[in-house]
Amino acid sequence: MIDRMMRAAKMDPFLYQEVERNPSVSKEALQIVVMVGVAGGISSLLSHLMRGQIVSGIGGAIAAVVLGVVAYYVWSFAVLIVGTKLFSGTSDFGEVSRCIAYAYVPNLLAVFGFVPAVGGLAAIVGSLWALVLGVFAIRQAMNFETGPAIATAVIAWIAMAVVIGVISAIVLVPLGLAAMATGR
């Protein structure tokens, strides 16, 4: 798994072709997505604990994992719909979702998000790197050129952001209000 993660981070086209065609790595792909969510959750928990906010730290950690996995599935589904319907890409959900999961690898840098000054920068670098890998993964999974891959990534990302925004508002706002009320 680590070898594939390193190859994914290096934008190895053979890795993305391998995971696209290999349904047996679907479980491993989901494990990567969960690890990324846990990395973000650890960072959220530690940053809240450093401020003495126990309840919001725990809530933030859980939310990071859950929303990370939900965002992955929503983005994968949106990529599939946009890529196949608007740009005539050829793929199925398993191929797209596996490729996108491996593109998530640089988001593991989010674990450093709690570190003052450099942590936020590390998380931003990881996110941008993952975005570039996401376009590359979409290009590989959908079997089309970079232009349609970028357009697919952007349109699907906007759709995912809207869905996650709505879910966050419904779930996280009440949790945040509860944390504020308890002062933790």
Side-chain angles (χ1 to χ4, degrees), residues 1-40 43 64-113 120-168:
M1 179 160 110
I2 299 298
D3 177 63
R4 278 195 281 271
M5 291 170 69
M6 296 297 287
R7 290 172 53 209
K10 293 177 184 175
M11 207 180 294
D12 178 348
F14 299 110
L15 174 274
Y16 288 95
Q17 290 170 359
E18 175 187 325
V19 300
E20 175 190 6
R21 296 180 184 141
N22 187 355
S24 70
V25 298
S26 295
K27 183 178 177 182
E28 182 178 285
L30 182 57
Q31 288 171 338
I32 291 168
V33 173
V34 171
M35 284 191 304
V36 167
V38 168
S43 179
V65 175
V66 172
L67 287 176
V69 173
V70 170
Y72 157 72
Y73 279 113
V74 171
W75 197 40
S76 295
F77 184 71
V79 163
L80 178 66
I81 298 302
V82 171
T84 58
K85 302 299 182 200
L86 293 181
F87 299 105
S88 301
T90 56
S91 196
D92 64 30
F93 183 77
E95 293 168 346
V96 168
S97 64
R98 285 189 300 274
C99 288
I100 287 175
Y102 281 89
Y104 268 37
V105 167
N107 284 317
L108 289 169
L109 290 174
V111 75
F112 300 111
L121 181 60
I124 290 169
V125 167
S127 293
L128 292 175
W129 185 5
L131 179 60
V132 169
L133 289 178
V135 170
F136 186 75
I138 291 166
R139 189 180 82 183
Q140 294 297 116
M142 287 288 172
N143 303 307
F144 49 47
E145 298 298 318
T146 303
I150 291 170
T152 298
V154 169
I155 294 167
W157 188 89
I158 291 169
M160 181 266 308
V162 169
V163 170
I164 295 303
V166 169
I167 291 170
S168 295

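Just so it is clear, the model here is predicted, and its values are computed rather than measured.
- V166 has its side chain out of reach of V163: every pair of non-hydrogen atoms, C-beta onward, lies at least 4.5 Å apart.
- Using a 4.5 Å cut-off on side-chain heavy atoms (C-beta onward), W157 and V74 make no contact.
- Annotation: M1, atom CE; neighbour count of heavy atoms from other residues, nucleotides and ligands within 6.0 Å is above 12.
- Among pairs with a residue in residues 14-31, those fulfilling salt bridge (Lys or Arg N to Asp or Glu O under 4.0 Å) read R4-E18, R4-E28, R7-E18, at least two apart in sequence or across chains.
- The minimum heavy-atom distance linking A101 with I32 is given by the pair O-CG2, 3.4 Å.
- At most 12 heavy atoms of other shown residues, nucleotides or ligands fall within 6.0 angstrom of atom CZ in F112.
- Under the side chain to side chain contact (heavy atoms under 4.5 Å, CB included) criterion, A78 pairs with A156, A159, not counting sequence neighbours.
- Not counting sequence neighbours, the partners of Y72 by the ring-ring contact (aromatic ring centres under 6.0 Å, His included) test are Y104.
- Contacts of Y102 classified as ring-ring contact (aromatic ring centres under 6.0 Å, His included), with partners at least two apart in sequence or in another chain: none.
- Residues W75 and S97 have side chains not in contact (no heavy-atom distance under 4.5 Å, counting atoms from C-beta outward).
- Between the CD1 atom of I81 and the CD1 atom of I155 there is a distance of 13.0 Å, given to the nearest 0.5 Å.
- Contact of the L133 side chain with the Y16 side chain is registered, since non-hydrogen atoms from C-beta on lie closer than 4.5 Å.
- A heavy-atom distance below 4.5 Å is not found between the side chains of M35 and V105.
- Side-chain contact between M142 and P148 is absent, with no heavy atoms from C-beta onward closer than 4.5 Å.
- Of the possible polar contacts, one joining the S91 side chain to the A141 backbone as a donor-acceptor pair under 3.5 Å is found.
- The ring-ring contact (aromatic ring centres under 6.0 Å, His included) check on F77 picks up nothing, with sequence neighbours excluded.
- Each of T152, I138, V79 was checked for a side chain to side chain contact (heavy atoms under 4.5 Å, CB included) with V96, and the lone residue meeting it is V79.
- Residues passing the side chain to side chain contact (heavy atoms under 4.5 Å, CB included) test with S127 are N107, sequence neighbours excluded.
- Taken to the nearest 0.5 Å, the NZ atom of K10 stands 13.0 Å off from the CE atom of M5.
- Evaluation of the side chain to side chain donor-acceptor pair (under 3.5 Å) rule for T146 yields R139 as partners, not counting sequence neighbours.
- Closest approach of A64 to G40, counting heavy atoms only: CB-C, 3.8 Å.
- To the nearest 0.5 angstrom, D3 atom CG is 9.0 Å from D12 atom CG.
- Nearest heavy-atom pair, A153 versus V135, reported as atom, atom and distance to 0.1 Å: CB-CG2, 3.8 Å.
- The side chain to side chain contact (heavy atoms under 4.5 Å, CB included) search around I124 returns L128, not counting sequence neighbours.
- Screening residues 85-98 for salt bridge (Lys or Arg N to Asp or Glu O under 4.0 Å), with sequence neighbours left out, gives no hits.
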### Task
Carefully, step by step, assess V70 and I167 under the rule side chain to side chain contact (heavy atoms under 4.5 Å, CB included).
CA-CA 10 Å; V70 170; I167 291 170; 3.9 Å; yes
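- Considering every non-hydrogen atom in both A137 and A103, the closest pair reads CB-CB, 4.0 Å.
- Annotation: side chain to side chain contact (heavy atoms under 4.5 Å, CB included) contacts of Y73 (sequence neighbours excluded): L30, V69, F93.
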